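Input: a single structure, listed below in structure tokens.
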Amino acid sequence: MAYLSALLFLAAHACAIGISGGAPLASYPFLVLAPLVAAISCMWRARRTPRPEREWDLAALAMLLWAGGMLMATWQAVTGSQVAATVSLLLYVLYGVPLTFAIASAGSEAWPLRLVDAVLAIGLGALYATHTLSLATDQTVGGQNFLDLRLTLDLENLFIATFALTRLVTSTGPRARDYFRALSCFAVAYLLVAAITNHFFADVDFGGYTDLIIGVPFLWLAILARQAPSALSARAYPPRRTHLVRAGSHLFLPLTLLPISALVVGTRPWLGAFGFVLATLGAGVRGVLLQIRTYEERDQLDVLARIDGLTRIPNRRHFEESMDREWRRCMRSGDSLALLMIDIDHFKQLNDAYGHPAGDRILQAVARALAACAHRSSDTVARYGGEEFAALLPSIGRGGALSVAEAMRAAVEELALTSPTAGGRVTISVGVAFIAAVDGGHPSDLIANADEALYRAKAEGRNRVRDAAPSAA
């Protein structure tokens, strides 16, 4: 139905041209209406898209600018106003700024990155406007000003089409694919149409049948915008390709600024230099911000990699790293080191009787109780695996380690967590290993001693603390 409506629109345009005998005013209403239809369709689509992905609004803005340019061209044809002609050219060029910004600055980017992109887009618009105004005084077909402006339009259209296609072939999410597919179709079609009209029919006034192709890109965009959002799942691409485009997309705006600055520098050296500086600084600042964000994300991932997802205390990886670090430190200083291996008694029965969700809640409650008993910043309480926990206590005496172990046992018992065992409460068993001065050996020796003490605690009835053999001291 949408494509039929587009064909009917083109047919009405063709009839108007035929009936009027090629009068320019017969084409202007259709050439204003086509981008307006595209703008309305893009705004309609934007209302149906989650707020973080509202690039459709930018596409609508671009269509409104182009429609404004054609409206000014209509006014110029009616009144002969040179001001209207200049404004028309200006709007034709500026329409590409919001499109370039939408392609270069993804909606999911952090606001500082989008702010840099916005500054670059504003600078690009200023260069486009200044360059266009300097060329608008004489638009004789074949003249130098005409050729320079045509080159500007060709570069703008080529950049938009290239960047949109680049985004399309690396977009993974269905919404992003929908948007960049629509934008790519429009940009490629508009690039071809603009090349044909500007290079082969530049001396032909409006009102001919060649005007029909001008509305095609806008009608196509309107059709694609009105289509239902894609229900396809995310598409997987080779990570390197996606990462390459994501990392290089911040160069889209600077790469557009540089050639425009080169065109401007001949007539306005200071403005051209400003464009070069803005492109360089913008790319540099955005690169720095991206690097900072990468470091922050890496730090966050590093923290998450060392935290147990269920109990929110350090995991076994963090414990082993802390154990190696403290062992080396104690070897250098001759300091003491204690290790507590802790096991929830009859945990399998708990899971079988109450289910795994209840077992998870017990693990979380026990983890909080154990962590609360290790007050010092140097102490490490970690989930060792399953229902087993470990506590590393550097620079502590044997008596202090046993006191912490007993405090942990009592704290868990006082939680009064229901258990299907004879005692009716969830309890723990604790094995304690202690070295008064680390002067050799390996951390695994201390772990083995603590495991042996834990085994004795469980063998002697559970819910108790047992120390490793004195020979381990």
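As the structure is a prediction and not an experimental result, all values here were calculated from the model.
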Say you draw a straight line from CD1 of Ile160 to CG of Leu99; how long is it, rounded to the nearest 0.5 Å?
-> 5.0 Å
Verdict with supporting geometry, Trp220 and Val188, side chain to side chain contact (heavy atoms under 4.5 Å, CB included) = CA-CA 11 Å; Trp220 196 5; Val188 172; over 6 Å; no
Give the ring-plane orientation class for Phe163 versus Phe252, where under 30° counts as parallel, over 60° as perpendicular and anything between as tilted.
-> parallel
Main-chain N/O of Gly386 paired to Arg383 side chain as donor or acceptor, under 3.5 Å | yes
Please lay out, stage by stage, how Leu392 and Leu337 fare under the test side chain to side chain contact (heavy atoms under 4.5 Å, CB included).
-> CA-CA 8 Å; Leu392 187 64; Leu337 188 62; 3.8 Å; yes
Within a strict 4.5 Å, meaning less than it, do heavy atoms of the Asp178 and Arg45 side chains meet?
-> yes
Which heavy-atom pair separates Thr418 from Val426 by the least distance, and what is that distance?
-> O-CG2, 3.7 Å
Ser184 and Arg181: side-chain donor and acceptor closer than 3.5 Å?
-> no
Using side chain to side chain contact (heavy atoms under 4.5 Å, CB included) as the criterion, point out the one residue from Cys185, Cys42, Pro35 that pairs with Leu221.
-> Cys42
Would Leu25 and Val78 satisfy side chain to side chain contact (heavy atoms under 4.5 Å, CB included), going step by step from the backbone distance to the final call?
-> CA-CA 8 Å; Leu25 289 178; Val78 172; 3.9 Å; yes
Sub-3.5 Å donor-acceptor pair from the side chain of Asn315 to the main-chain atoms of Ala305, do we have one?
-> yes
Please check if the side chain of Gln364 supplies one atom and the backbone of Leu310 the other of a donor-acceptor pair under 3.5 Å.
-> yes
Determine, for Asp324 against Arg328, whether the closest basic-nitrogen to carboxylate-oxygen distance falls under 4.0 angstrom.
-> no
Side-chain donor-acceptor distances from residues 12-23 under 3.5 Å, at least two apart:
from, atom 1, to, atom 2, distance (Å)
His13, NE2, Ser27, OG, 2.9
Ser20, OG, Ala16, O, 2.9
Ser20, OG, Ile17, O, 3.1
Ser20, OG, Gly22, N, 3.4
Ser20, OG, Ala23, N, 3.3

Salt bridge check: are Arg306 and Glu321 linked by an N-O gap of less than 4.0 Å?
-> yes
What's the spacing between Tyr354 OH and Arg361 CZ if we round to 0.5 Å?
-> 11.5 Å
Under 3.5 Å, side chain of Arg312 to main-chain N/O of Ala367, donor-acceptor pair present?
-> no
Show your reasoning for whether ring-ring contact (aromatic ring centres under 6.0 Å, His included) applies to Phe30 and Phe218.
-> CA-CA 11 Å; Phe30 292 94; Phe218 302 102; over 10 Å; no
Nearest heavy-atom approach of Asn351 to Gly359 is OD1-CA, 3.4 Å
Can you find a pair of side-chain heavy atoms, one from Leu4 and one from Phe9, that are under 4.5 Å apart?
-> no
Would Glu326 and Thr380 count as a side chain to side chain contact (heavy atoms under 4.5 Å, CB included) if you check the C-alpha gap in whole Å, the side-chain angles of each, and the deciding distance to 0.1 Å?
-> CA-CA 11 Å; Glu326 289 297 334; Thr380 300; over 6 Å; no
In Å, rounded to the nearest 0.5 Å, how long is the span from CG of Leu278 to OG of Ser261?
-> 8.0 Å
Donor-acceptor under 3.5 Å (Arg167 side chain, Ile103 main chain) | yes
In Å and rounded to the nearest 0.5 Å, what is the CG to CG distance from Leu155 to Leu255?
-> 12.0 Å
So do the side chains of Leu89 and Thr86 get within less than 4.5 Å of each other, counting heavy atoms only?
-> no
Are Val381 and Pro314 side-chain neighbours, meaning at least one heavy-atom pair lies under 4.5 Å?
-> no
So do Leu363 and Asp360 actually touch side chain to side chain, heavy atoms under 4.5 Å?
-> yes
Grab the two heavy atoms, one from Ala374 and one from Met408, that are nearest each other, plus how far apart they are.
-> CB-CE, 4.4 Å
Under 3.5 Å, side chain of Ser41 to main-chain N/O of Val37, donor-acceptor pair present?
-> yes
Can you tell me if Tyr179 uses its side chain to pair, donor with acceptor, with the backbone of Glu55 under 3.5 Å?
-> yes
Please test Asp308 against His318 for side chain to side chain donor-acceptor pair (under 3.5 Å), starting from the C-alpha separation and ending with a verdict.
-> CA-CA 9 Å; Asp308 178 63; His318 182 93; over 6 Å; no
Shortest non-hydrogen pair, Leu65 vs Leu91, comes out as O-CB, 3.4 Å
d(Leu258 CG, Leu127 CG) to nearest 0.5 Å is 10.5 Å
For Gly272 and Val264, work out which heavy atoms get closest and say how close.
-> N-CG1, 4.0 Å
Side-chain contact test, heavy atoms from C-beta onward, threshold under 4.5 Å: evaluate it for Met43 versus Trp56 and give yes or no.
-> no
Is there a side-chain contact between Phe186 and Met63, using heavy atoms and a 4.5 Å cut-off?
-> yes
Judged by atom type as modelled, is there a donor-acceptor pair below 3.5 Å linking the side chain of Thr197 to the main-chain atoms of Ala194?
-> yes
Looking at residues at least two apart in the chain, or sitting in another chain, which of them share a salt bridge (Lys or Arg N to Asp or Glu O under 4.0 Å) with Glu387?
-> none
So, Trp66 versus Tyr92, ring centres under 6.0 angstrom or not?
-> yes
What is the distance from atom CG of Leu263 to atom CD1 of Ile260, rounded to the nearest 0.5 Å?
-> 5.5 Å
Thinking salt bridges, do Asp379 and Arg376 make one under a 4.0 Å N-O criterion?
-> yes
So which heavy atom on Pro394 is nearest to which on Arg329, and how close?
-> CB-NH2, 3.6 Å
Within a strict 4.5 Å, meaning less than it, do heavy atoms of the Thr210 and Ile196 side chains meet?
-> no
Would one find more than 12 heavy atoms of other residues, nucleotides or ligands at under 6.0 Å from atom NE2 of His199?
-> yes
